[in-house]
Amino acid sequence: MQNFHDSCSDHHLLLKQGVAGKAFTTNQPCFLPDIGSSAKPDYPLCHHAKIFNLKGAVAIRLRCTRTGTADFVLEFFLPTDCEALEEQKAVLDTLSGTMQNVCQTLRTVTDKELEDDAMKPNSFGGLQMNKKANKRKPMAPRSTVWKSFTKVMVGDTVKAKCNYCGENYCCESKNGTSSLISHLKRCKLNPNKSSVGVCIYV
C-alpha cells in the first residue's frame with residue numbers, strides 16, 4: 001500500500017473530490033462501496049485505487065476537543081477482500097463503535113457549529129464569511145487640514161507632505177492631526193497660517 005500512499009501525497013484533492021472532499025463539504029459521513037469505479041474528475045486517484053484493488057472507502061469530518069475549530073477529515077479504506085455490501089456495512093458499524101470508544105477526544109461537527117463559525121470573521125477552519133464583504137472601505141480624510149497636505153509614501157511609511165513647503169510628517173491614525181495643524185500655524189509658506197484653528201470635521 002505504500003505506493004498508493006505515495007500517489008496520494010502527490011495528488012492533493014480539491015473540495016468535493018473523493019470521499020474526503022465530499023465529507024468536508026457536506027459535513028456528512030461519505031461512503032463509496034467501490035472507490036475505484038469513480039470518475040476521474042470526482043476522484044483523481046481512482047486509477048491508483050483500481051491498481052491496488054481498493055473497494056470500500058469512508059470519510060468523516062471531525063473536530064478534536066483539544067484543537068478548537070480546526071477541522072480535519074479522517075478517511076478509511078476497507079479491507080480489499082471486503083466487497084459485499086452487507087459485509088461492508090458490518091465493518092462500518094464496527095468502525096463507528098470503535099471510534100466512539102477509543103477516540104474520545106474526536107467528535108463530528110454539527111451544522112449549528114458551522115453556522116456559528118460562519119458568523120465569526122476571524123474563525124480558523126470551518127466556513128468563514130466572505131472577506132471582501134467584511135472588509136471596510138477606507139474612509140476619506142475628514143479633517144480640513146488635509147486641504148493643505150498630501151499623503152505620500154516614504155519608504156514603507158505613509159507621510160503627510162505639506163503642499164506649501166514640502167515637509168513630511170507622520171499621519172497614522174494613532175498620531176492624529178495635531179502635528180499637522182501645528183505645522184500649518186508656523187509654516188512660512190502657508191498663506192493662510194493666521195486662520196489655522198482647531199481641526200474641523202465635516
Side-chain angles (χ1 to χ4, degrees), residues 5-18 20-27 40-45 59 61-75 105 107 109-202:
H5 291 305
D6 293 340
S7 299
C8 290
S9 64
D10 291 337
H11 296 80
H12 298 288
L13 296 180
L14 301 176
L15 290 177
K16 299 184 180 180
Q17 288 187 331
K22 290 177 182 176
F24 191 82
T25 55
T26 62
N27 196 37
K40 192 163 186 178
D42 296 331
Y43 184 51
L45 292 161
R61 182 176 181 170
L62 298 168
R63 280 187 182 176
C64 179
T65 56
R66 298 176 180 173
T67 57
T69 56
D71 296 353
F72 58 95
V73 173
L74 196 58
E75 182 180 28
T105 61
R107 60 182 180 79
V109 186
T110 66
D111 292 333
K112 177 67 168 60
E113 284 180 306
L114 294 182
E115 291 176 6
D116 293 342
D117 291 344
M119 299 305 294
K120 299 176 184 177
N122 295 322
S123 75
F124 299 96
L127 302 178
Q128 295 191 52
M129 294 180 67
N130 189 315
K131 291 184 179 180
K132 291 183 179 179
N134 284 339
K135 194 172 183 180
R136 293 180 60 185
K137 293 181 179 179
M139 293 178 61
R142 295 182 296 171
S143 172
T144 55
V145 76
W146 288 107
K147 293 179 180 178
S148 303
F149 286 87
T150 303
K151 287 188 175 183
V152 295
M153 288 297 297
V154 179
D156 296 329
T157 308
V158 178
K159 298 280 188 178
K161 181 179 181 179
C162 176
N163 294 340
Y164 308 115
C165 69
E167 285 284 331
N168 294 327
Y169 290 86
C170 292
C171 63
E172 295 180 355
S173 58
K174 64 182 181 180
N175 297 317
T177 56
S178 57
S179 62
L180 307 184
I181 296 172
S182 298
H183 169 74
L184 289 179
K185 288 181 179 179
R186 63 178 185 274
C187 180
K188 295 180 179 180
L189 299 180
N190 178 12
N192 305 310
K193 65 179 180 178
S194 60
S195 62
V196 175
V198 295
C199 184
I200 301 173
Y201 290 89
V202 293

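We're numbering straight along the sequence, starting at 1.
Closest heavy-atom contact between Gln17 and Pro41: NE2-O, 3.3 Å. In terms of heavy atoms, Asp6 sits closest to Ser9 at O-OG, 2.7 Å. Scanning all heavy atoms of the two residues, the minimum distance from Gly166 to Lys161 falls at O-CG, 3.8 Å. In plain terms, the two heavy atoms of Val73 and Ala59 that are nearest each other are CG1-CB, 3.8 Å. The nearest pair of heavy atoms linking Leu180 to Cys170 is CD2-O, 4.2 Å. Here the closest non-hydrogen pair linking Pro44 and Leu13 is CD-CD2, 3.8 Å.
Looking at residues two or more places apart in sequence or on another chain, you find a side chain to side chain contact (heavy atoms under 4.5 Å, CB included) between Phe72 and Leu62, Cys64, Leu106. Residues that satisfy the side chain to side chain donor-acceptor pair (under 3.5 Å) test with Asn163, not counting sequence neighbours, are Thr150.
Contact annotation: the side chain of Lys188 never approaches that of Tyr164 to less than 4.5 Å [non-hydrogen atoms, C-beta and beyond]. The shortest side-chain heavy-atom distance between Ser179 and His183 does not fall under the 4.5 Å cut-off. At a threshold of 4.5 Å between non-hydrogen side-chain atoms, the residues Cys187 and Glu167 do not count as touching. With contacts defined as side-chain heavy-atom distances shorter than 4.5 Å, the pair Met153/Val158 qualifies.
Here the straight-line distance linking atom CG of Leu184 with atom SG of Cys162 works out to 6.0 Å at 0.5 Å rounding. Atoms CG and OG, from Leu189 and Ser148 in turn, are 12.0 Å apart once rounded to the nearest 0.5 Å.
Between Phe149 and Tyr169, the two ring planes are perpendicular [angle over 60°; tilted spans 30° to 60°].
A donor-acceptor pair under 3.5 Å links the side-chain atoms of Arg61 to the main chain of Phe24, judged by distance alone.
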